[in-house]
Amino acid sequence: MSQTQTKTHELLARDAEHHTGLWHPDIVFTHGDGVKIYDSEGNEYLDCMAGIAVASIGHGNKRLARAIAEQAEKLIIVSQAHASDTRVEFYEKLFAAVPASLGLTRVFMASSGSEVNEAALKWARVATGRGGFVAAKRGFSGRTLGVLGLTWEPKYREPFEPLPYATTFIGYNNIAELEAAISDETAAVFLEPVQGEGGMHPADPEFLQTARELTRERGALLIMDEVQSGVGRTGKFLATEHYGIAPDMVTLAKGLGGGVPIGALLMTDGVAAKMPAGGHGTTFGGNALASAAAVAVLEEFEARDLIRNAAEVGAYFQERLRALNAPQIRSIRGLGLMIGVEFKTKVAPIVAALRDAGVLVINAGATVIRFVPPLIISKDEVDEVVRRLSGVLGRSA
Ligand SMILES: *Cc1c(COP(=O)(O)O)cnc(C)c1O
């Protein structure tokens with residue numbers, strides 16, 4: 001065994017002494033540079049996983065690193081009840097990116113996707129005085145007890161029942177089921193505009209437009225979970241913008257801090273006004289360090305035109321995948337750099353073979369591989385990813 005292999009084994013053994021057993025890692029990453037990430041044996045990978053759609057501006061970004069370091073020397077935290085100059089700067093940058101036509105003018109800050117989704121449930125309850133929620137089959141909104149009720153996958157949900165509320169699950173893109181599900185007890189309909197974990201399915205425009213009309217007519221709210229699809233990933237700042245609807249609330253998290261934990265719940269004036277003062281809060285929400293990171297991410301977006309890159313390179317990526325004409329592939333779908341490739345068989349062996357070929361991806365369900373690379377990925381890098389996939393599938397690209 002080489003020295004680096006011995007070191008990797010030793011690190012994994014030390015990790016295994018303390019991890020909970022939820023996962024059994026067999027790789028140790030040590031550093032990254034742009035779309036590339038390196039393991040403890042010096043192997044290089046093209047990272048199409050990005051910490052699961054998180055490292056939006058890639059690894060080792062100098063602007064982000066500098067912003068975090070400078071903010072850390074100045075001020076890391078004040079309570080959520082106080083303002084910081086950095087939080088003000090973040091608010092203004094954020095709302096410059098969100099189209100004013102959506103009417104989303106207020107934000108509650110937290111530190112993860114589940115946490116902002118939980119906050120959205122509380123705001124929905126207090127704003128409507130109702131208790132029920134409608135969500136979609138194959139939907140994923142997080143794993144904490146408060147949002148588990150929105151997450152459809154029974155293996156994530158059932159061992160932890162009873163949950164604090166009952167959700168009516170409808171077929172995604174099924175307008176008849178949507179129509180039947182929204183009652184005068186529905187506080188909100190909670191949907192991802194592109195289902196991530198559930199297999200990378202974009203919504204049909206008519207489905208989301210009907211959800212908007214029906215919720216408005218029946219006194220319920222419409223909440224878009226953009227924890228994965230938001231912050232430029234689909235080629236618009238919010239995936240919701242592709243659909244021409246104005247939701248009452250939108251949640252963001254994964255890509256917003258470039259890897260630094262942050263979550264944001266956007267809402268209208270009307271919804272914000274319904275929460276009594278002090279009715280919700282979280283210790284780390286809106287801290288200056290995370291705010292500085294998110295400001296740097298949004299600056300990098302502007303400097304490198306990354307939302308346009310996500311749209312262009314995302315379309316190119318899908319085109320190249322289609323050109324493979326691989327008989328193993330059933331379908332290719334997605335929006336921007338949120339791409340799913342559905343295979344006719346289970347994908348675990350393909351994910352493993354890709355890793356051996358130097359491409360890091362994650363599945364989305366048993367038969368779908370998801371490509372959620374940093375938004376800085378270039379067409380040349382996409383060519384290389386597709387060439388390696390083609391090698392794995394035994395095709396010439
Ligand atoms: C990842 C994800 C969540 C949960 O976010 P955490 O930060 O893991 O709590 C919620 N909704 C969607 C759509 C996600 O992809």
Side-chain angles (χ1 to χ4, degrees), residues 11 15 25 27-78 83-94 96-97 107 109-113 115-116 227-228 230-233 237 252-264 283-310 313 337 358-360 362 372-378 380-381:
L11 284 168
D15 188 61
I27 192 164
V28 180
F29 289 107
T30 54
H31 60 292
D33 178 14
V35 180
K36 298 194 176 97
I37 188 166
Y38 299 86
D39 69 20
S40 51
E41 293 173 17
N43 298 310
E44 179 184 292
Y45 304 80
L46 286 163
D47 188 1
C48 288
M49 185 169 167
I52 315 190
V54 174
S56 50
I57 59 174
H59 301 288
N61 179 280
K62 294 281 185 289
R63 184 195 301 269
L64 178 56
R66 224 179 299 119
I68 293 169
E70 282 171 13
Q71 188 64 45
E73 290 206 351
K74 237 171 60 177
L75 180 69
I76 292 178
I77 185 97
V78 293
S84 68
D85 53 351
T86 313
R87 191 179 79 178
V88 173
E89 192 185 352
F90 166 67
Y91 282 173
E92 290 177 353
K93 272 234 156 338
L94 175 67
V107 61
M109 301 301 304
S111 310
S112 72
E115 217 185 344
V116 283
V227 168
Q228 190 164 158
V231 198
R233 177 151 295 281
F237 187 72
L252 304 173
K254 288 190 163 98
L256 186 56
V260 173
I262 188 168
T283 303
F284 295 111
N287 71 79
L289 190 71
S291 297
V295 166
V297 167
L298 295 174
E299 282 174 357
E300 192 76 356
F301 270 48
E302 284 165 28
R304 296 169 71 175
D305 212 356
L306 292 183
I307 299 183
R308 194 186 48 81
N309 194 66
V313 178
L337 286 170
V359 176
L360 209 57
I362 185 176
V372 285
L375 309 189
I376 59 171
I377 195 169
S378 68
D380 285 348
E381 285 164 330

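- Between Arg87 and Glu92 there is no side-chain heavy-atom pair separated by less than 4.5 Å.
- The salt bridge (charged side-chain N to carboxylate O under 4.0 Å, His left out) pairs that include a residue from residues 28-43 number zero, where partners must be two or more places apart or lie in different chains.
- Looking at residues two or more places apart in sequence or on another chain, you find a side-chain hydrogen bond (donor to acceptor under 3.5 Å, both in side chains) between Ser378 and Glu381.
- Between Lys254 atom NZ and Ile262 atom CD1 the span is 15.0 Å, to the nearest 0.5 Å.
- Sorted by first and then second residue, the pairs that involve residues 283-301 and meet salt bridge (charged side-chain N to carboxylate O under 4.0 Å, His left out), not counting sequence neighbours, are Arg63-Glu299, Arg63-Glu300, Glu300-Arg304.
- Contact record, Arg233 with Ala310: O-CB, 3.9 Å, taken as the closest heavy-atom pair.
- Side chains of Ile52 and Ile362 form a contact here, defined as non-hydrogen atoms less than 4.5 Å apart.
- In plain terms, the two heavy atoms of Ala253 and Ser112 that are nearest each other are CB-C, 3.9 Å.
- For residues 64-77, the set of pairs meeting the side chain to side chain donor-acceptor pair (under 3.5 Å) definition, not counting sequence neighbours, comprises Gln71-Thr86.
- Taking the ring centroids of Phe29 and Tyr45, they lie under the 6.0 Å cut-off.
- Shortest non-hydrogen contact noted between Cys48 and Ile377 is SG-CD1, 4.5 Å.
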query: Given Tyr91 and Val295, is the side chain to side chain contact (heavy atoms under 4.5 Å, CB included) satisfied, shown in steps?
result: CA-CA 9 Å; Tyr91 282 173; Val295 166; over 6 Å; no

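- The two residues Pro374 and Gly34 have their closest heavy-atom pair at CG-O, 4.4 Å.
- Minimum heavy-atom separation, Ala264 to Met109: CB-SD, 4.0 Å.
- Between the CG atom in Leu256 and the OG atom in Ser291 there is a gap of 9.5 Å [rounded to 0.5 Å].
- Under the rule for a side-chain hydrogen bond (donor to acceptor under 3.5 Å, both in side chains), Ser84 has no partner lying at least two apart in sequence or in another chain.
- Note: His31 and Tyr38 have parallel aromatic rings, judged against thresholds of 30 and 60 degrees for the angle between ring planes.
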field: Intermediate values then yes/no, side chain to side chain contact (heavy atoms under 4.5 Å, CB included), Leu94 and Val107
entry: CA-CA 9 Å; Leu94 175 67; Val107 61; 4.0 Å; yes

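- The salt bridge (Lys or Arg N to Asp or Glu O under 4.0 Å) test applied to Asp380 returns no partner, not counting sequence neighbours.
- Residues Ile57 and Leu64 meet the side-chain proximity criterion, which asks for heavy atoms closer than 4.5 Å.
- Closest approach of Val297 and Ser56 over heavy atoms only: CG1-OG, 3.9 Å.
- Here the straight-line distance linking atom CZ of Phe90 with atom CG of Leu298 works out to 6.5 Å at 0.5 Å rounding.
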- request: Take Ile37 and Leu360 through the test side chain to side chain contact (heavy atoms under 4.5 Å, CB included) and record every step on the way to the result.
  value: CA-CA 9 Å; Ile37 188 166; Leu360 209 57; 4.1 Å; yes

- request: Tell me, with the steps shown, if Ile68 and Leu289 meet side chain to side chain contact (heavy atoms under 4.5 Å, CB included).
  value: CA-CA 6 Å; Ile68 293 169; Leu289 190 71; 3.9 Å; yes

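- Counting non-hydrogen atoms of other residues, nucleotides and ligands closer than 6.0 Å to CZ of Phe284 gives a total of 12 or fewer.
- When side chains are defined from C-beta on, Leu306 counts as touching Ile376, because their heavy atoms get closer than 4.5 Å.
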